[in-house]
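Report on the structure given below.
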Amino acid sequence: MAAELTGKREIKQERAARTRAVIARAAAEVFAECGFSGASVTKITRRAGLTLGAMYFHFESKEALAREIVRSQPERVTPPYETEGLQHAVDITLTWAHALLDDPFLLAGARLVMEQDSFIGPEENSHQQWTEVIAQSLTVAQRDREVRANVDVNTVARLIVNACTGAQMHAHLESGRQDLPQRIREMWNVLLPTIATPSALKRLCLDDSRGAAA
């Protein structure tokens, strides 16, 4: 009897997880298309093929859905190669640039970037999340003498995130983001000589494969 109850509970939990995932994906698609202000729970549930009751069981509001999508951004970007330090920072940005072309969650994050004050605090918005991710890699790089000792890694991390944000906005307007990976490589080509040690600079790879295989 206990085993039967456990099995039923697990099936119920799996079904709930699937439903939650369906709602989150539908919300990402709607946010990517309409932005935060243009999205509604009705549009999201219609896209998911679920009832309002099902949505509110998992998410209390449109704001909660937007927060979930923004918070999930870094975990959706996994570089195709295992690296650390400066190469890892490069690979994260190039992988993001390639994945942004067809990942609805990343597209939603890009669309929501200018409306985050409507649903999430500045201490945990996407700018702060990505700055922390890049700063971690740059800190490792500085420890391993890939980044010059006089470089402020937090300042550079903010600069990289700001540049990537601007690059995706301009790429969206001018090429439908098709040239976003190239724009990110251009950013690194300008930045790296100012922060990297000569030996690290020689080892770094910026070609398209760094993110395209993700």
Side-chain angles (χ1 to χ4, degrees), residues 28 67-110 112-113 116 120-172 175 177-214:
R67 284 193 294 272
E68 171 112 343
I69 288 165
V70 166
R71 288 168 177 160
S72 74
Q73 300 286 293
E75 68 191 42
R76 300 192 70 82
V77 178
T78 304
Y81 304 103
E82 287 192 20
T83 56
E84 62 178 11
L86 197 49
Q87 184 67 65
H88 190 59
V90 169
D91 289 352
I92 287 171
T93 59
L94 289 174
T95 302
W96 165 80
H98 281 280
L100 186 61
L101 299 176
D102 55 20
D103 184 318
F105 287 86
L106 296 179
L107 286 167
L112 291 169
V113 71
Q116 293 183 87
I120 199 167
E123 71 283 351
E124 58 174 342
N125 66 22
S126 63
H127 295 94
Q128 187 61 34
Q129 284 187 96
W130 284 115
T131 297
E132 290 173 3
V133 168
I134 298 299
Q136 287 171 5
S137 291
L138 295 181
T139 298
V140 171
Q142 195 168 58
R143 181 201 67 193
D144 294 344
R145 300 182 180 180
E146 296 177 339
V147 166
R148 299 170 194 264
N150 65 341
V151 169
D152 184 327
V153 295
N154 291 311
T155 298
V156 173
R158 284 195 298 273
L159 176 65
I160 291 167
V161 173
N162 289 341
C164 288
T165 301
Q168 78 84 9
M169 288 179 175
H170 283 282
H172 171 60
S175 71
R177 298 194 182 93
Q178 292 302 308
D179 67 345
L180 181 57
Q182 177 58 33
R183 290 172 187 257
I184 301 305
R185 284 194 296 274
E186 289 170 356
M187 174 200 72
W188 282 113
N189 281 326
V190 172
L191 181 61
L192 285 170
T194 70
I195 68 168
T197 58
S199 59
L201 198 56
K202 292 177 182 176
R203 296 194 301 269
L204 286 167
C205 177
L206 290 175
D207 51 62
D208 213 39
S209 66
R210 301 309 303 184

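Residue indices begin at 1 and follow the sequence shown. Bear in mind the structure is a predicted one, so any value in this text is a computation, not a measurement.
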* Between I120 and L112, is a side-chain contact (heavy atoms from CB on, under 4.5 Å) present by the stated rule, with each step listed? -> CA-CA 11 Å; I120 199 167; L112 291 169; over 6 Å; no
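Judged by distance alone, the side chain of Q73 and the main-chain N or O of F105 form a donor-acceptor pair under 3.5 Å. With R148 contributing its side chain and A196 its backbone, the two residues share a donor-acceptor pair below 3.5 Å. In terms of modelled atom types and a separation under 3.5 Å, the side chain of Q142 and the main chain of T139 share no donor-acceptor contact. Checked by atom type and distance alone, the side chain of S137 never pairs as donor or acceptor with a backbone atom of H88 at under 3.5 Å. The backbone N or O of I69 lies less than 3.5 Å from a partner atom in the side chain of S72, making a donor-acceptor pair. Using modelled atom types, no side-chain atom of D144 and backbone atom of E146 make a donor-acceptor pair closer than 3.5 Å. Side-chain N or O atoms of Q116 include one that pairs as donor or acceptor with a backbone N or O of S126 at under 3.5 Å.
Closest heavy-atom contact between A135 and N154: CB-OD1, 3.6 Å. What you find for H98 and G211 is that their closest heavy atoms are CD2-C, 3.5 Å. Counting all heavy atoms, side chain and backbone alike, P193 lies closest to W188 at CD-O, 4.1 Å. When every heavy atom of P80 is checked against every heavy atom of S209, the shortest pair comes out as CG-O, 4.1 Å.
T95 has its side chain out of reach of R210: every pair of non-hydrogen atoms, C-beta onward, lies at least 4.5 Å apart. Q168 places a side-chain heavy atom less than 4.5 Å from the side chain of W96. Within the 4.5 Å cutoff, the side chain of Q128 has no heavy atoms near those of the E123 side chain. Put simply, the side chain of I160 reaches to within 4.5 Å of the side chain of L138, judged on heavy atoms. Contact check for V147 versus V156: no side-chain heavy atoms found under the 4.5 Å cut-off. In this structure, the side chains of T83 and V90 stay at 4.5 Å or more apart for every pair of heavy atoms.
Taken from CD1 in I184 to CD1 in I92, the straight-line distance is 12.5 Å, to the nearest 0.5 Å. The line from CD1 of I134 to CG of L86 is 10.0 Å long, rounded to the nearest 0.5 Å. The distance from atom CD1 of I195 to atom CG of D152, rounded to the nearest 0.5 Å, is 11.5 Å. In this structure, CG in L192 is found 13.0 Å from CZ in R185, a value given to the nearest 0.5 Å. Atom CZ of R76 is separated from atom CG of L100 by 11.5 Å, given to the nearest 0.5 angstrom. Of the inter-residue distances, the one linking R183 atom CZ with R177 atom CZ reads 11.0 Å to the nearest 0.5 angstrom.
Exactly one residue among C164, P79, P181 makes a side-chain contact (heavy atoms from CB on, under 4.5 Å) with T93. That residue is C164.
Q136 and E132 are not linked by any side-chain donor-acceptor pair at a separation below 3.5 angstrom, with hydrogens and angles left out of the test.
Every residue meeting the side-chain hydrogen bond (donor to acceptor under 3.5 Å, both in side chains) condition with R71, not counting sequence neighbours, appears here in chain and number order: E124.
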